[in-house]
2 protein chains.
Amino acid sequence: MTDVGDLVAVADTAAAAGRALLRRPSLHDVALHAGVSHQTVSRVINDRPNVSPDTRARVQAAIDALGYRRNAAARILATNRSQTLGLMVQGEPRLGPASTMLGVAAAARDAGRYVSLAVVAEPSEQATTETLEYFRDQAVEGIVVIAPVADIVEVARAAASPSVPVVVVAAGERPRPGFFVASVDQQLGAALATRHLLELGHADVVHVTGPLDWHDAVERVHGWRAERAAWGLPERDPLVADWTSAAGYRIGRRLLAHAASGDPVDALPTAIFAANDQLALGLLRAFDEAGVEVPGRVSIVGYDDIEGADYFTPPLTTVRQPFEELGKTCIELLLAGMSAKAAGEVPERSAKVAPTLVVRATTAPPPRAQPPARRSRGSRR
Amino acid sequence: MTDVGDLVAVADTAAAAGRALLRRPSLHDVALHAGVSHQTVSRVINDRPNVSPDTRARVQAAIDALGYRRNAAARILATNRSQTLGLMVQGEPRLGPASTMLGVAAAARDAGRYVSLAVVAEPSEQATTETLEYFRDQAVEGIVVIAPVADIVEVARAAASPSVPVVVVAAGERPRPGFFVASVDQQLGAALATRHLLELGHADVVHVTGPLDWHDAVERVHGWRAERAAWGLPERDPLVADWTSAAGYRIGRRLLAHAASGDPVDALPTAIFAANDQLALGLLRAFDEAGVEVPGRVSIVGYDDIEGADYFTPPLTTVRQPFEELGKTCIELLLAGMSAKAAGEVPERSAKVAPTLVVRATTAPPPRAQPPARRSRGSRR
DNA sequence: CACCACCATGTTAACGCTCACATGGTCGGA
DNA sequence: TCCGACCATGTGAGCGTTAACATGGTGGTG
C-alpha cells in the first residue's frame with residue numbers, strides 16, 4: 001500500500017489536527033515527515049545512542065508537529081513486555097486496602113507501568129483463579145495481591161506462575177522464590193500498643209482480636225503475646241471478635257457482666273488492646289453505658305486511626321498504619337523481582353513498614369498504680 | 001521462520017507445560033495442532049458462525065491441549081480496540097470513592113473490559129492532563145473519573161477527546177455530548193435527612209456543610225435548601241466546615257457559645273444535619289462535653305453511614321450511599337456511550353442512584369414539640 | 001595509504017491477531 | 001443437467017513497533 005504518502009502530504013500542509021481524525025500518526029508518518037527512516041525515529045523516542053543531535057532535533061520536531069504518541073499495543077507485541085502490573089484486591093472497601101491500592105497505583109505509574117485493576121468479590125479459589133487468568137490474558141509482568149484473608153493468599157501462591165512475580169500484602173506470610181511479601185509490621189503495632197499500656201503501669205493487657213482468618217488479626221495477636229511474654233506475664237487467650245463495633249460492644253458487655261458476678265478471676269481488666277478502632281468504639285460505648293470510666297477505670301488502645309478516632313469520647317489512643325508507603329514498597333519489591341528474574345535469579349524477599357502509636361485520651365495509668373515510681377505488684381485490680 | 005513445526009511436534013508429545021517455557025502457543029500453533037488454518041481457529045475463539053461443529057470441537061480440543069490464550073496486544077493492534085477502560089481517582093482514600101472504584105472495576109470486568117487505574121495526587125490541571133495522556137497512550141475506550149472536587153472535573157471535561165466517552169462521578173454536573181454524569185443523588189439524600197427532622201416536628205434544621213469545592217457538599221446544601229423551602233422555611237445559610245471531626249467539634253462549640261451569650265436569635269438549634277458522619281461525631285462530642293443531650297435537646301443526622309456509626313454515643317441517624325451500584329451505573333453509562341458512538345450518535349446522559357436514610361438514635365422530636373404528645377421542659381442540664 | 005573500528009542510518013523480518021477476499025464443494029431450482 | 005447461492009475453510013495483507021543485521025562514510029593507526 002498505501003495512501004500513507006497522501007496522508008503525509010496532507011500532514012505537511014494541513015494541521016496535525018486535521019489528520020488525527022483520519023488515523024493516529026505512526027512511526028512511519030513521523031519518519032516521512034522528518035525525512036528519516038522509521039528506525040531512526042524509534043531510536044529517538046527510545047532515547048537510544050547513535051543518533052546525531054541534528055537528526056534527533058528534526059525527528060523531535062516532527063513528533064511534536066504530528067502529535068505522535070507511541071502505540072502501546074504494537075510495542076507490547078513487538079517486545080513481548082506488557083509494562084503492566086496487575087492489582088488484585090478483595091472486594092471489601094476497608095480503608096487500609098483502599099489506601100494501599102492508591103499507593104500501589106501511584107508508585108507503579110511513577111515507575112512507568114500501567115496498572116490493571118481486578119476485584120475478586122468472594123475469596124474463593126475459583127474467583128481467584130479467574131482473576132489470575134484475567135491478568136495472564138493481559139500478560140501482566142507482576143501482580144500485587146491485597147489479600148486480608150488467608151485463603152486468597154494460598155490460592156494466589158499456588159496459581160502464581162513462576163515467570164510472574166507476585167507481591168502479597170499480608171502480614172505473616174513467608175516469602176518464597178518469586179513470591180514476595182509486603183506488610184505493615186502488625187506484630188510491632190500490637191507490641192507498641194501493649195507496651196504503651198504496660199509502661200503506664202497496667203498489670204496486664206487484654207486483647208480483643210479480629211476474626212482469625214485475617215492475617216492482620218493473627219499477627220496482632222502474636223505481637224500482643226510476645227510483648228506480654230517479654231514482660232514476664234503468663235500466657236492468656238485473646239477475646240475473639242470480628243471487626244465490627246457491635247462485636248466490641250458485645251465483648252464489653254460480657255466483660256462487665258463477668259466482673260459484676262464477683263468472681264475475682266474475672267475482674268474487669270484495666271487495660272484493653274482492641275484489634276481495630278471500631279471494636280474500640282464498641283467497647284467505649286459499653287463502658288460508657290455502664291458508667292465505667294475510660295481511661296480512669298480502664299484504658300483502651302485501638303488500631304487503624306480511622307477518621308474521627310480523634311473525636312471519639314474520649315479521643316482514642318490507637319496505632320496508625322502507613323498505607324501509602326506500603327503501596328510504594330509493593331512496587332519496589334515487584335520491580336526488584338522482575339529485574340532479578342530477568343537476570344536469572346529467583347529471589348525471595350519480604351518488607352515491612354512500621355506503624356506508629358498515636359497516644360490520645362483513652363489511656364492512663366491503672367486506678368491504683370503509680371507509674372512514675374513504677375513497681376507493679378503481683379496482685380491486680 | 002520457523003521451528004513452529006518442531007514446537008508443535010513437541011506439543012503433540014510433551015505436556016503443554018513443557019512448551020510453555022519456550023513460547024506461549026499462538027493461533028498458528030493451535031491451527032497446526034488441529035489441522036486447520038489460523039483463520040478457522042480465530043473463528044472459533046471469536047464464536048463466529050460458519051464453522052462446522054466437528055471442526056469447532058477439534059479446534060477447541062487443540063486449544064485446551066495447548067493451553068492457548070489469545071494475545072491481547074496482538075488483538076488490540078489488529079482491531080484497534082483496546083477493550084480497556086481508564087479509571088481515574090483523586091488520591092484521597094475516603095470510603096465512598098474507594099467503594100465506587102471497586103464497583104467500577106467489578107462491573108467493567110463483568111462486561112469483559114480491562115480496567116486501567118490511575119491516581120491523580122493533586123487536583124491540578126497538569127496532573128489531570130498527564131493522567132489523560134497516560135490513558136490515551138493505552139488507547140482506552142472510555143474513562144471513568146471519580147472526582148469529588150470541582151476543578152478536576154473541569155479539566156477532565158476540557159481534555160476529554162470527543163472520541164472517548166467520559167463518565168464523571170460527580171453530583172451536580174451537567175452532562176454534555178460524550179460526557180456522562182453518574183452520581184448518588186445527594187440532593188435527595190440531604191432532603192431525606194432534612195425531611196426526617198422536620199417531620200419529627202423541628203421548627204428548623206441547621207446544616208453543617210463540607211468544603212464547598214466538593215460537589216457532594218454543594219449538592220447536599222441544595223437538597224437541604226430545597227427541602228426547607230418546601231416546608232415554607234425562610235432562606236438561611238449553612239455553616240461551612242470541612243469533612244473532619246475537628247471541624248464538627250469546633251462548630252458545635254461555636255453554637256454552644258452563641259447560645260450561651262443569650263441572644264435569642266442565636267439560640268441553640270434543635271436539629272442539625274451534618275454533611276458527613278465525622279462532622280456529626282465532632283458535634284456529638286461538643287454537645288456531650290457541654291452536657292447538651294442528643295437527641296433530647298438537639299437532634300443530629302449524619303451522612304455516609306461509616307463503619308461504627310451504629311455505635312457512636314448515641315448511635316447515629318445517617319444517610320447511606322449505594323456505592324457499588326454507582327460503580328455499576330458508571331460502566332453502564334460508559335458502554336452505552338461507546339456503542340452509541342459506534343452507531344454515530346453522541347448522546348448525553350446522566351444517572352443517579354438513590355441513597356437511603358438510616359434512622360438510629362440521634363434524632364427525636366424537639367424539646368417542646370409534641371408529635372407523640374411528648375412534653376419536655378425548656379430548661380436544660 | 002590501506003585497514004579497521006565506529007558511528008549514523010537504513011532495511012527487513014518478525015510479533016500474533018483480524019479483516020477482506022478467494023476457493024472449492026454441496027445443494028436446490030430452472 | 002447446469003448454474004448460482006451458500007457454506008466451510010483457506011490465503012494474504014496489514015496493524016505499529018522493535019530487534020537484528022546491513023550499509024556507507026569518517027577518522028585514527030600502523
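Nothing here was measured: the structure is a model prediction, and the numbers come from that model. Numbered from 1 within each chain, the chains take letters A, B, ... in sequence-line order.
Residue A:R75 has its side chain nearest to D:dT18 when only C:dC7, D:dT18, D:dC21 are considered. Distances were taken from every side-chain heavy atom of B:R43 (C-beta onward) to each of D:dG16, D:dG10, D:dT18; the shortest belongs to D:dG10. Among the nucleotides C:dA20, D:dT17, D:dT9, the one closest to the side chain of A:A78 is D:dT17. For A:L77, taking side-chain heavy atoms from C-beta onward, the closest of the listed nucleotides D:dG16, C:dT9, D:dC7 is D:dG16.
Using a 4.0 Å cut-off between charged nitrogen and carboxylate oxygen, A:D29 and A:R23 count as a salt-bridge pair.
For D:dG16, its base never sits under 3.5 Å from the side chain of A:R23 at any donor and acceptor pair. Between the side chain of A:H38 and the base of C:dT12 there is at least one donor-acceptor pair of N/O atoms closer than 3.5 Å. Residue A:R24 places no side-chain atom within donor-acceptor reach of the base of D:dG16, judged by atom type and a 3.5 Å distance cut-off alone.
Applying the 4.0 Å criterion to OP1 and OP2 of C:dC19, one finds that B:R48 has a side-chain N or O inside that range. Note on A:S42: a side-chain N or O is less than 4.0 Å away from OP1 or OP2 of D:dT18. Within the 4.0 Å cut-off from OP1 or OP2 of C:dC15, not a single side-chain nitrogen or oxygen of A:T79 is found. Between B:S26 and C:dG16, a side-chain N or O to OP1/OP2 separation shorter than 4.0 Å is absent. The side chain of A:T40 places an N or O atom within less than 4.0 Å of a non-bridging phosphate oxygen (OP1 or OP2) of C:dG10.
The shortest distance between side-chain heavy atoms of B:L102 and B:E324 does not fall below 4.5 Å.
Remark: P of C:dT12 and NE2 of A:H28 are 12 Å apart, rounded to the nearest angstrom. What separates CZ of A:R69 from P of D:dC15 is a distance of 22 Å, to the nearest Å. Remark: P of C:dT23 and CG of B:N50 are 18 Å apart, rounded to the nearest angstrom. Across the protein-nucleic acid pair, B:L27 atom CG and C:dC19 atom P stand 12 Å apart, rounded to whole Å.
Across all strands, A:R70 comes closer than 4.0 Å only to sugar-phosphate atoms, never to a base (heavy-atom distances). Nucleic acid contact class of A:R81 (heavy atoms, under 4.0 Å, all strands): none.
Residue B:R56 is the one, among A:N71 and B:R56, whose nearest nucleotide of DNA chain D lies closer to the 5' end (criterion: closest heavy atom). Along DNA chain D, the nucleotide nearest to A:I45 and the one nearest to B:R58 differ in position, and the one closer to the 5' end is contacted by B:R58. Place A:N80 and A:S52 on DNA chain C by their nearest nucleotides, and A:S52 ends up nearer the 5' end.
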Walk me through whether A:Q138 and A:S116 qualify under side-chain hydrogen bond (donor to acceptor under 3.5 Å, both in side chains). CA-CA 9 Å; A:Q138 295 171 87; A:S116 175; 3.0 Å; yes
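Residues in residues 30-50 of chain B take part in these salt bridge (charged side-chain N to carboxylate O under 4.0 Å, His left out) pairs, two or more places apart or across chains: B:D47-B:R56. Under the salt bridge (charged side-chain N to carboxylate O under 4.0 Å, His left out) criterion, no residue pair touches residues 98-108 of chain A, with sequence neighbours excluded.
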